[in-house]
Participant: 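Got a structure for you, questions after.
Lettering of chains follows the sequences in order, A, B, ..., and the numbering in each one begins at 1. What you see below is based on every heavy atom in this structure, not just the backbone, and it leaves out hydrogens, waters and symmetry mates.
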Amino acid sequence: MSDLLANLNAEQLAAVTLPDEPALILAGAGSGKTRVLTTRIAWLIQNGRVSPAGILAVTFTNKAAKEMQTRLSSMLPINTRGMWIGTFHGLCNRMLRAHFRDAGLPQTFAILDSQDQLSALKRLLKSLNVDDEKYPAKNLQYFINNAKEQGLRPADVEANDDFNKRFVDLYAAYDLQCQREGVVDFAELLLRCYELLRYNDAIRQHYQHRFRHVLVDEFQDTNVLQYQWLKLLAGYGTQNPAAVFAVGDDDQSIYAFRGANVGNMRDFEHEFRVRRLIKLEQNYRSHGHILDSANHLISHNARRLGKNLRTDAGHGEPVRVFQGGSDGQEAAWIIEEIRDQIAQGASRAEIAILYRSNAQSRVIEHALFSAGIAYRVYGGLRFFERAEIKHALAYMQLLENPRNDAAFGRVVNFPARGIGARSLEVLQDMARQYDCALAEAVAYVPGAAGSKLAAFTRLIEKTREDTRRMTLAETVEYVINHSGLITHYQGEKEGQDRIENLQELVTAAQAFVVEEGYGLEALAAVIPVDRSPAAPALADGDQAQQVLDPEALPVVMTPLVAFLTHASLEAGDNQAQAGQDAVQMMTVHAAKGLEFDVVFITGMEEGLFPHENSMMDPDGVEEERRLMYVAITRARKRLYMSFAQSRMLHGQTRYHVRSRFFEELPEASLKWLTPPAQGYGGVRRQERDSAWGRDWFRKPEDVPYTGTRPTGGMDNGNGYADAKREAGTGFRVGQSVFHNKFGEGVITALEGEGTDARANINFKRNGAKWLALSVAKLDAID
DNA sequence: TGTCCTACCCTTTTT
DNA sequence: GGGTAGGACA
């Protein structure tokens, strides 16, 4: 047909060229998922099956959306900018901006990120005099987001006790506050858009008619609301539904904790009566031993749609396993191996160190730093999340919407203007009394406080006036200079970085205008912005008609609103010094979607990986196993796994047994670098170099070794029968004990000393428990 | 108003 | 152990 389809394997070809009907693509790790998704879109367009405007493709991250657009425009000579390719939140935002009246929102609504949401909740709790010990803002945030992700409004939440009823009331109060201030949180973007489609027949039908093909990436990560939204958009249950092309991998579902519902895959299969379930099982990434390990491990999960990866790459090297006496030794060993790899010509950027939780990075970072090996840690603060950037953005929010109390509160006294807590209290009282925004309540505050506040509102008004005819970048520059932010940071010891960031914001604004096509012509065409408070939902149909054409969108949003939206929806890169040849460090979660020649999976211990919080229930363990599966499948050529007998955690030394997942890996694919290797044909490290003699590692005769590898179960999992004895307790990890009440069990972890000493014991009949050794009556049975 | 100190938290995270 | 949020104090 065309060279679009060249070089696709049979499975990929089948997926790409499916007829217009619901399809589920089970795309294994490294099987060319993105390629299939983008080629499918290109193929549909090229064959005239649908116009670019008839396609909606949705992803979870901006990165994935961008990747899709880039690849697509390299395949077809089309402008992908106007296409509906984006994240769930991005696309919902787009619809809400187009139909702001029908959605009951002000045109310039601001988007709260999680931080903003939390401070809005704290503000709410304070204003209502709620006991924040009993109702912590964090819990309320979780409660609200959880409800919204299930599609539930306060009235829909079932509260069966007073405690929960209070939460529901606070949820309702929070929604009112948001509505009054013209702000929308992340979950609200989705829920509001869902309701818009659900309750507005004209708009729903318009989009159902328009989108003939709906493509979904990472389907296993969708939550309940996202799936409902997709069903509505795709016209599920109507005469003429869109063809939904869902791509996902149930084995890589690792986001249950934030609402992802793997069950959506099965539901989709049944509800849409999917006749085409295509499995992409050919892996183009990893060598055989690595894939065998992944397949073997994941086969221990019970509920799977079922899939087995294969490769033509050959067995390659076995997976190397190392046991360290401590986390420090583990780190030192990693340094040695990395040095070897670099000496053999490996690029640092092709080496990744993965860990289950962020806290683990510290020890390894320290070792890398001391060794002078360049490294890069993923995660942490992103550009638009920095305090100084949020301050500057708050000023800009106020230019668009003075009723945004969150923005007002953030900068009214930053930099300091002599408006103290007392003055703000008065202001808040006035706002409550006159039921108005903080900015409007300024007029009612008497005395010195009143005039200081008035000076602030005048500053905002003057800024709004002065920047009216300015470009976006000029506006940003004006704001950071005239707000006093720059001056403030000049007087601070560590202010230089912050000033540079603020200047970077000007650059970012410039780049944004170019990238998004907000040229001068577009600026001239901007229609007057409606700054009136939110209109009631379901306004007359005129507006809906007027903006049904999404191509009209760029002129609906001013560059400033667009930029602020961009800042909320796309918090920016969190990878410092990108581009440098540095070893990559990240959590396993953060590694999803990436691949490296050499991968270290560290901290493979019971309690860490699987994490202790997930060990209790079977679903939790299955998710941890999928997480391990993701970790393993990141490696192309060489995979290392390591664990340590002792580790500093939360300021205490803890002793862990090695992860149960070792018992689920194929022996033939493992090469033990430390004593348990005996009997598996592994070459002991000692024979490769003289590392045994180094001070960071105990001499072989110091390492007690039983000579047998434990067979299944968690008991004695470290392979060292009398490995580590906690001073004074008389107990050790791996020891079998008897308790009068709980019966027989095995110690899986020890921590603390003296009277604080406690043990985690996995009881045969009663499950895992933490017991204080000074209290519990335990008898060793050996 | 800014700084210092203490209490408290601690899995994973995108939007 | 280490980061941070919020309160006490100069």
Participant: Where the side chain of A:Ala416 is defined as all heavy atoms beyond and including C-beta, which of B:dG2, B:dT15, B:dT13 is the nearest nucleotide?
Facilitator: B:dG2
Participant: State whether A:Lys122 places a side-chain N or O below 4.0 Å from either non-bridging phosphate oxygen (OP1 or OP2) of C:dG6.
Facilitator: yes
Participant: Counting side-chain heavy atoms from CB outward, which of C:dG2, B:dT11, B:dT13 is closest to A:His611?
Facilitator: B:dT11
Participant: Between the base of B:dT15 and the side chain of A:Ser114, is one N or O donor paired with an acceptor at under 3.5 angstrom?
Facilitator: yes
Participant: Counting side-chain heavy atoms from CB outward, which of B:dT13, B:dT11, B:dT14 is closest to A:Asn613?
Facilitator: B:dT11
Participant: Regarding A:Asn413, tell me which of base, sugar-phosphate or nothing describes its non-hydrogen contacts under 4.0 Å with the strands shown.
Facilitator: sugar-phosphate
Participant: In terms of side-chain heavy atoms of A:Asn62, which of B:dT15, B:dT13, B:dT11 is nearest?
Facilitator: B:dT15
Participant: Drop me the distance from A:Phe88's CZ to A:Leu225's CG, to the nearest 0.5 angstrom.
Facilitator: 9.5 Å
Participant: What is the distance, to the nearest angstrom, from the CD atom on A:Glu133 to the C1' atom on B:dA7?
Facilitator: 11 Å
Participant: Atom CD of A:Gln252 and atom C1' of B:dT12: how far apart are they, to the nearest Å?
Facilitator: 15 Å
Participant: If the plane angle is over 60° it's perpendicular, under 30° parallel, otherwise tilted; pick one for A:Tyr207 and A:His99.
Facilitator: perpendicular
Participant: Output the rounded distance in Å from CG (A:Leu96) to C1' (B:dT15).
Facilitator: 14 Å
Participant: Which value, in whole Å, describes the distance between the C1' atoms of nucleotides C:dG6 and B:dT11?
Facilitator: 25 Å
Participant: A:Leu225 has an atom CG; how far is it from atom P of B:dT15, in whole Å?
Facilitator: 17 Å
Participant: Can you measure A:Gln226 atom CD to B:dT15 atom C1' for me and round it to whole angstrom units?
Facilitator: 9 Å
Participant: Between A:Tyr395 and A:Arg410, is there a cation-pi geometry (under 6.0 Å to ring centre, at most 45° from the normal)?
Facilitator: no
Participant: Which nucleotide, C:dG2, B:dT15, B:dT12, lies nearest any side-chain atom of A:Arg362?
Facilitator: C:dG2
Participant: Rounded to the Å, how far apart are A:Glu218 CD and B:dT13 P?
Facilitator: 15 Å
Participant: Would you call the rings of A:Phe414 and A:Tyr489 parallel, tilted or perpendicular, taking 30° and 60° as the class edges?
Facilitator: tilted
Participant: Using the side-chain heavy atoms of A:Thr87, tell me which of these nucleotides is nearest: B:dT1, B:dT15, B:dT13.
Facilitator: B:dT15
Participant: If you look at every strand shown and take non-hydrogen atoms under 4.0 Å, does A:Tyr255 touch a base, only sugar-phosphate, or nothing?
Facilitator: sugar-phosphate
Participant: Taking C:dG3 as the reference, what is the distance to B:dT14 when you measure between their C1' atoms (whole Å, please)?
Facilitator: 23 Å
Participant: More than 12 heavy atoms of other residues, nucleotides or ligands under 6.0 Å from CZ of A:Arg153: yes or no?
Facilitator: yes
Participant: Both A:Ala359 and A:Gly90 contact DNA chain B. Taking the nearest nucleotide for each, which residue is further toward the 5' end?
Facilitator: A:Ala359
Participant: Can you see if the side chain of A:Arg382 gets near the phosphate of B:dT13 - specifically, an N or O under 4.0 Å from OP1 or OP2?
Facilitator: no
Participant: Below 30° counts as parallel, above 60° as perpendicular, anything between as tilted: where do the rings of A:Tyr255 and A:His589 land?
Facilitator: tilted
Participant: Looking only at the side chains, is there a donor atom on one of A:Asp249 and A:Gln220 sitting less than 3.5 Å from an acceptor on the other?
Facilitator: no
Participant: Of A:Gly418 and A:His650, whose nearest nucleotide on DNA chain B comes first from the 5' end?
Facilitator: A:Gly418
Participant: Is there a side-chain contact between A:Thr587 and the phosphate of B:dT13, meaning an N or O under 4.0 Å from OP1 or OP2?
Facilitator: yes
Participant: Side chain of A:Phe186, heavy atoms from C-beta onward: which of B:dT13, C:dG1, B:dT15 has the nearest atom to it?
Facilitator: B:dT15
Participant: When you compare the ring of A:Phe257 with the six-membered ring of B:dT12's base, are the centres less than 5.5 Å apart and the planes under 30° from each other?
Facilitator: yes
Participant: Between B:dT1, B:dT15, B:dT13, which nucleotide gets closest to the side-chain atoms of A:Asn358?
Facilitator: B:dT13
Participant: How many Å lie between CE on A:Met648 and P on B:dC10, as a whole number?
Facilitator: 19 Å
Participant: What is the distance, rounded to the nearest whole Å, between atom NE2 of A:His656 and atom P of B:dT11?
Facilitator: 13 Å
Participant: Measure from the side-chain heavy atoms of A:Arg258 and tell me the nearest of B:dT13, B:dT12, B:dT15.
Facilitator: B:dT13
